[in-house]
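Below you'll find the structure, written out as structure tokens, and then a few comments.
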Amino acid sequence: MEFFKELLTIFCTTTLLFGGGFCYFTFLFGSAEQKGKRAVQLSGGSLPKEKVQEGYDRYSSFFERGPNGNEMDSSDKVPALVDTFYDLVTDIYEWGWGQSFHFSPRIPRKSNRDATRIHEEMAVNLLNVEPGARILDVGCGVGGPMRTIAAHSGANVVGITINEYQVERAQAHNKKAGLDSMCEVVCGNFLKMPFDDNSFEGAYSIEATCHAPKLEEVYGEIYRVLKPGSFYVSYEWVTTELYNSDDPKHIEIIRGIERGNALPGLRSYKDIAKIANKVGFEVIKESDLAKPPAEPWWTRLKMGRIAHWRNHVVVTILSWLRIAPKGVIDVHHMLLVTADYLAKGGDTGIFTPMHMILCRKPE
Ligand SMILES: C=C(CC[C@@H](C)[C@H]1CC[C@H]2C3=CC[C@H]4[C@H](C)[C@@H](O)CC[C@]4(C)[C@H]3CC[C@]12C)C(C)C
Ligand SMILES: C[S@@+](CC[C@H](N)C(=O)[O-])C[C@H]1O[C@@H](n2cnc3c(N)ncnc32)[C@H](O)[C@@H]1O
């Protein structure tokens, strides 16, 4: 009898310890810097729970077919695929990164959150807009940059994203931040924007136009909706002057980045200003914000490696318990792999996510 009592005590204590540890891991530890999402809330965006695996399989098969092993070449299919991608990753991004879906140079003695904010404020400072101006956020995600920019500049920001789920998330965050009167979010394709000609006093895009199969299409649309004399700034994902298209290692890194980030093909830094000019913009300034003295943007990814693997354990357990949708394990694994390729892109210097271009629509 005594033996059974002891066995029961050991069993109960172990269960409590493991159960408590798991809850701590999942509910407290495993949350985003800005606590937008918790692990137990991970969803497939607008996809029904049972369609997440199918969505992932469809997404990944796009990168396995076609002449370059990449069906993303057929550009008419890209916006729909990008939409599926953001259904799959939006919650994981919010949970493990925050509400701003971009990189920023690390700033010594400043938190990631401050470094992110400073990078966003720099964009609107370049636009030179007055409080109350109407400006456009091209590819706004869940609106992290939009809220910073509205609060910092006093401008009214209209954001556009192709993903319905992001619209829902962005609107909820805007309301919670008390910025919904200054921030509007529209669901639409930035290659065909539902806005009038000459209707904005400024525009910016942060790590979003890389999803456009033809950059001239999105730049052309931005040019159309801007008022003459106003500015557009973009942080572009590009290959740098160090990229050698004959080096198989470079090719592998760039393909890895494209596959894990829904990109139809990374452009060279050389193409950006040419395309801006082609659609009618004057190019005022162009520089890679990742260049020294800026500190590496990829340190945050590298330093997060242990947390990312911990997240993988959490996601796997939640999916086994059927709390997280089936398919989330594959999506999370894809992100683990892409994080490594991005860090390699940073280490080798062949890739930058912050090639900045400042343009003006002539008077
Ligand atoms: C501009 C784009 C997105 C840039 C970044 C915001 C994201 C690129 C890779 C993402 C991540 C990789 C690893 C994830 C990790 C495994 C997970 O546990 C927590 C989230 C990650 C850190 C995730 C966060 C966002 C990124 C850094 C592209 C799409 C054009
Ligand atoms: C990496 S996220 C960046 C989001 C935001 N700029 C930020 O920094 O948080 C890219 C964004 O571009 C949007 N996007 C991609 N292709 C698009 C398209 N064709 N039309 C509209 N939005 C698009 C995505 O939906 C997503 O919101």
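Note that ligands are numbered from 1 as they come in the structure, with each ligand's atoms numbered from 1 the same way.
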Present, as a list of atom pairs with distances to 0.1 Å, all nitrogen or oxygen contacts under 3.5 Å between ligand 1 and the protein.
unit_1, atom_1, unit_2, atom_2, d
ligand 1, 18 (O), Asn311, ND2, 2.8
ligand 1, 18 (O), His332, NE2, 2.6

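A salt bridge does not link Glu295 with Arg109: every distance from a Lys NZ or Arg NE/NH1/NH2 to an Asp or Glu carboxylate oxygen is 4.0 Å or more. Salt bridge Lys344/Asp347: absent, no basic N to carboxylate O contact under 4.0 Å.
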Query raised in the report: Do Tyr232 and Ser205 pass the side-chain hydrogen bond (donor to acceptor under 3.5 Å, both in side chains) test, and can you show the C-alpha distance, the side-chain angles, and the key distance before you say yes or no?
Result: CA-CA 8 Å; Tyr232 164 55; Ser205 52; 2.6 Å; yes
Query raised in the report: Is there a salt bridge (Lys or Arg N to Asp or Glu O under 4.0 Å) between Glu216 and Arg267 once you walk through the steps?
Result: CA-CA 12 Å; Glu216 44 274 55; Arg267 280 171 270 273; 5.9 Å; no
Listing, residues 221-229 side-chain donor-acceptor contacts under 3.5 Å, not counting sequence neighbours, or none:
unit_1, atom_1, unit_2, atom_2, d
Glu221, OE1, Arg224, NE, 2.9
Glu221, OE2, Met193, N, 2.6
Glu221, OE2, Arg224, NH2, 3.0
Arg224, NH1, Phe195, O, 2.9
Arg224, NH1, Asp197, OD1, 2.7
Arg224, NH2, Met193, O, 3.1
Arg224, NH2, Phe195, O, 3.2

Distance-only check: which donor-acceptor pairs under 3.5 Å involve side-chain atoms of residues 316-336, not counting sequence neighbours?
unit_1, atom_1, unit_2, atom_2, d
Thr316, OG1, His312, O, 2.6
Asp330, OD2, Gln53, NE2, 2.8
His332, ND1, His312, ND1, 2.8

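For the salt bridge (Lys or Arg N to Asp or Glu O under 4.0 Å) test with Asp340, the passing option among Lys302, Arg259, Arg305 is Arg305; the others fail. Screening Lys37, Arg147, Glu94 for a side chain to side chain donor-acceptor pair (under 3.5 Å) with Gln99, the sole residue that qualifies is Arg147.
Residues lining ligand 2 at a heavy-atom distance below 4.0 Å are given as Val82, Tyr86, Ser100, Phe101, His102, Gly139, Cys140, Gly141, Pro145, Thr161, Ile162, Gln166, Gly188, Asn189, Phe190, Ile206, Glu207, Ala208, His211, ordered by chain and residue number.
In this structure, Leu242 is a member of the same hydrophobic cluster as Ile253, with clusters built from ILVMFWY side-chain heavy atoms closer than 4.5 Å.
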